[in-house]
Chemist: 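Below is the structure I would like to discuss, written out as structure tokens.
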Amino acid sequence: MSSNSSQQQQSGAGNGVADLAQGMNRMNLGGDARSYVPPHLRNRSGAPAPGGALRATPEPRLLVPLHRAGTRPEPVVRIAPASGSRRVPRSVSAYWDPRQGATSWPPRDERLEGSLYKSAHVATGINFSKYDDIPIEASGNDVPNGISKFEEADLDPLLIENIALANYATPTPVQKYSIPIVEAGRDLMACAQTGSGKTAGFLFPILNEMFKKGPPAPTSGPGGRNNVVCPMALILSPTRELTSQIYDESKRFAYRSWVKPVVIYGGVPMREQSYNLSRGCDLLVATPGRLVDMMDRGYVSLRHVKYLILDEADRMLDMGFEPQIRRIVEQMDMPPLEERVTLMFSATFPREIQYLARDFLGDYIFLSVGRVGAASENVTQQIVEVYENEKYDVLLDILNTEPAGADNLTLIFVETKRNADMLANYLYDANFPAAAIHGDRDQRERERALYSFRTARTPILVATAVAARGLDIPNVMHVVNYDLPNDIDDYVHRIGRTGRAGNTGKATAFFAPDKNRNIVRELIGILRDANQEVPEFLERAANEYAFGGRGGFGGRGGGRGGRGGRNAATRDFRQEADYKTYTPAPRSAYGNGGGWGDDSWGPPPSSGSYGGGW
DNA sequence: AAAAAAC
């Protein structure tokens, strides 16, 4: 791929941030170490406010696991060790002076940086500059102006350094607005295309606020209890792997700061997670189930949450999720919406989510980037007509024609967990290195599968919906919808696993005429919106399926997007002539009208081996 | 109907 050009393209813009960061670094070296509250003492009863009287002698009993302790001994403020002499433990954070803010930070740690940032791929692809052409709409009262460079925002110098370390040079459209919006203390409902930097879109602003404001004054937990962890920021996401990914990202940007991120999710023993919690937690990344469990057990309280983020919010209102979410947000000890900043992020915007928005957000700003619910134009979509019993052969054809490999990771979606296992086994037996991921595998297997996919040990991953959302895996070049989902939004999310951050990718879907008629109209809509060719057999199927379904008016996209029916960003930006820079692979062996980028999509699905009329 | 998410 053209990773070279994308790197070069970035280097110009990147230097600005890097230089600035270096300057900041120098400025802050040698600052006085002031009162320092270790993470595990923050937010606990009786701890003196930052900057309070210093007590030199630490209490040894502090090391007792916190959730076992009855009453805390009087907490202690330790004087931070002189920097440089010894390797600073990871949990040690910036030296904080309430009068001056952060005065100095722990020295940089090369080894830690190596592990933190090595998997941080270059955040900008060949088409990154296209983001400038994406229509952005921000509506609401007193919408703050967006920024166009990181330098324009009043970003904390440490955050700027970490952004530079992570190789982020230019803010994406979401980030351009989310930063000033949160800075203004506003709530946000953000709808942005897959792969457009939503995670950093909420991490940057909340970490920025936290860095600038400093650690909260220590307070007691519920009922005066002090053995409960009270994070200041809470990030909820629908799958364990996504949660873990957000956590990794948060560690990158919280590096060397006082903010201690912790992650909790199900499927693994609680011990390690509760131990991590007990060591202090300022930013908690969680899946809903495990969080509720932890709260029921009294490990976590949300009473000091100032920032609440719901990622993939559209997924959060599925049956089974919404009650949990409402319980967390409305029925535990979360501060009411006036006392917190709430951000909701989503790539699509179904009507139901507006109810969540109404209940969870105050006077919020609605931000839409691109056309809501649309697929990225960086993904070349091809639909092939394949009957159920032909799918496997067609798939083998594809894999033979375009072998999966380290720079051509291939992600295959199926509808059922059983099929995921079966297909992966078939492929494995046919000498295609494949792994499977789905919700019935235990967490170790899930993580192993994802790891061996990321590292291209098995460059083919067969997945259920568990991998449909949010996962950011570099080099996923091809998404195959072996089974089309029943929900068009799922389709959009799935193909969003490729073509990320301005890179290109392709998506092939097996359209089974006997099964997939229900989404045919919406599928055509998605293809048109993304400036993709619509094969003739789809049109035909749509005509023959003129009634019922979700199709027609308001079925998808902007129609149900805005409040008051207002469409989000309606301009079709996918008309630019220079968009079609992507030169696709030669057409593959499975003929079904046209190959990649071949502007003529060939004859209607011929009577060939598959397809044909029905 | 299936998938995800707690033990």
Side-chain angles (χ1 to χ4, degrees), chain A residues 67 234-247 263-274 277 284-300 302 310-329 331-332 346-348 350 352-353 356 388 411-424 436-447 449-450 461-471 481-494 497 512 514-519 548-550:
Chain A
H67 55 275
L234 173 64
I235 300 169
L236 294 173
S237 101
T239 68
R240 296 167 188 169
E241 285 77 13
L242 180 54
T243 297
S244 164
Q245 178 183 297
I246 294 170
Y247 170 65
V263 68
I264 61 176
Y265 53 78
V268 292
M270 206 176 282
R271 244 191 49 173
E272 189 185 337
Q273 293 177 358
S274 59
L277 274 178
L284 182 60
V285 192
T287 48
R290 180 53 68 94
L291 175 62
V292 168
D293 196 356
M294 291 268 200
M295 287 193 297
D296 287 344
R297 287 164 195 256
Y299 290 151
V300 183
L302 304 179
L310 300 185
D311 197 17
E312 303 294 346
D314 50 349
R315 178 74 180 76
M316 297 286 209
L317 46 80
D318 267 25
M319 220 180 56
F321 257 135
E322 190 184 343
Q324 280 182 340
I325 303 294
R326 287 200 180 271
R327 180 149 178 239
I328 293 167
V329 178
Q331 291 155 31
M332 307 295 277
S346 169
T348 61
E352 299 87 334
I353 207 171
L356 271 197
E388 198 63 39
L411 180 55
I412 303 171
F413 282 105
V414 295
E415 264 311 88
T416 65
K417 296 182 264 206
R418 212 172 135 247
N419 262 345
D421 279 333
M422 273 176 19
L423 186 55
I437 186 168
H438 61 73
D440 271 357
R441 305 199 75 190
D442 68 46
Q443 194 55 27
R444 272 191 30 223
E445 295 173 319
R446 282 166 62 157
E447 274 159 27
L450 199 54
L461 183 66
V462 185
T464 60
V466 71
R469 283 160 188 268
L471 292 189
N481 273 287
Y482 190 88
D483 301 317
L484 272 169
N486 292 309
D487 186 327
I488 195 65
D489 288 342
D490 285 341
Y491 173 79
V492 173
H493 280 288
R494 287 179 181 188
R497 293 319 98 213
D514 45 341
K515 291 177 70 178
N516 298 133
R517 296 196 305 179
N518 53 337
I519 68 159
R550 250 171 93 199

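Chain letters run A, B, ... following the sequence lines, proteins first, then strands; residues in each count from 1.
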Chemist: Can you see if the side chain of A:T464 gets near the phosphate of B:dA2 - specifically, an N or O under 4.0 Å from OP1 or OP2?
Modeler: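 Answer is no, no contact under 4.0 Å.
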Chemist: Quick one: A:I519 CD1 to B:dA1 P, roughly how many Å, whole number?
Modeler: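 After rounding, the reported distance stands at 19 Å.
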Chemist: If I take atom CG in residue A:D311 and atom C1' in nucleotide B:dA4, what distance separates them, rounded to the nearest angstrom?
Modeler: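 Nearest whole value for this atom pair: 15 Å.
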Chemist: How many whole angstroms separate atom CD of A:E415 from atom C1' of B:dA4?
Modeler: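 A:E415 atom CD is separated from B:dA4 atom C1' by 13 Å.
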Chemist: Any luck finding a side-chain donor-acceptor pair between A:Q443 and A:R240 under 3.5 Å?
Modeler: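 There is such a pair (donor and acceptor under 3.5 Å, judged by atom type) between the side chains of A:Q443 and A:R240.
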Chemist: Send over the distance from A:N419 CG to B:dA3 P, rounded to a whole Å.
Modeler: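 So the two atoms are 9 Å apart, to the nearest Å.
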Chemist: Would you say A:R441 places a side-chain N or O within less than 4.0 Å of OP1 or OP2 belonging to B:dA4?
Modeler: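 So the side chain of A:R441 is outside the cut-off, no N or O lying under 4.0 Å from OP1 or OP2 of B:dA4.
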Chemist: Between C1' on B:dA5 and NE2 on A:H438, what's the gap in Å once rounded to a whole number?
Modeler: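 So the two atoms are 16 Å apart, to the nearest Å.
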Chemist: What is the separation between atom CG on A:D490 and atom P on B:dA4, rounded to the nearest whole Å?
Modeler: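 Interatomic distance, CG of A:D490 to P of B:dA4: 12 Å.
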Chemist: Roughly how many Å is it from CZ in A:R494 to C1' in B:dA4, rounded to a whole number?
Modeler: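 So the two atoms are 13 Å apart, to the nearest Å.
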Chemist: Quick one: label A:V414 by what it contacts on the DNA or RNA (base, sugar-phosphate, nothing), any heavy atom closer than 4.0 Å.
Modeler: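 Nothing, no nucleic acid heavy atom in range.
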Chemist: Using a heavy-atom cut-off of under 4.0 Å over every strand shown, decide if A:V466 touches base, sugar-phosphate, or nothing.
Modeler: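 If one applies the 4.0 Å heavy-atom cut-off, A:V466 turns out to touch the sugar-phosphate alone, with no base involved.
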Chemist: Does A:D489 come within less than 4.0 Å of A:R315, counting only side-chain N to carboxylate O?
Modeler: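 Salt bridge between A:D489 and A:R315, a charged N being under 4.0 Å from a carboxylate O: no.
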Chemist: Checking contacts here: which listed nucleotide (B:dA1, B:dA5, B:dA6) is nearest the side-chain heavy atoms of A:N486?
Modeler: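 Of the candidates, B:dA1 comes closest.
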Chemist: Between A:K417 and A:E445 (salt bridge meaning N to carboxylate O under 4.0 Å), is one present in this structure?
Modeler: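 Judged by the 4.0 Å cut-off on N to carboxylate O distance, A:K417 and A:E445 do not form a salt bridge.
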Chemist: Give a yes or no on this: more than 12 heavy atoms of other residues, nucleotides or ligands lie within 6.0 Å of atom CD of A:E272.
Modeler: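 Open: at most 12 neighbouring heavy atoms sit under 6.0 Å from CD of A:E272.
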Chemist: For B:dA6, does either OP1 or OP2 sit under 4.0 Å from a side-chain N or O belonging to A:T287?
Modeler: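 Answer is yes, contact under 4.0 Å.
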Chemist: Base, sugar-phosphate or nothing for A:R469? Non-hydrogen atoms, less than 4.0 Å.
Modeler: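 It contacts nothing in the nucleic acid.
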Chemist: Can you tell me whether the side chain of A:R315 and the base of B:dA4 have a donor-acceptor pair closer than 3.5 Å?
Modeler: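 Looking at the base of B:dA4, it does pair with a donor or acceptor on the side chain of A:R315 (distance under 3.5 Å).
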Chemist: Ignoring the backbone of A:D293, work out which of B:dA6, B:dA5, B:dA3 is nearest its side chain.
Modeler: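 The closest nucleotide is B:dA6.
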Chemist: Hey, is A:D490 close enough to A:R469 for a salt bridge, meaning N to O under 4.0 Å?
Modeler: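 Salt bridge: yes.
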Chemist: How many Å lie between CZ on A:F321 and C1' on B:dA3, as a whole number?
Modeler: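 So the two atoms are 10 Å apart, to the nearest Å.
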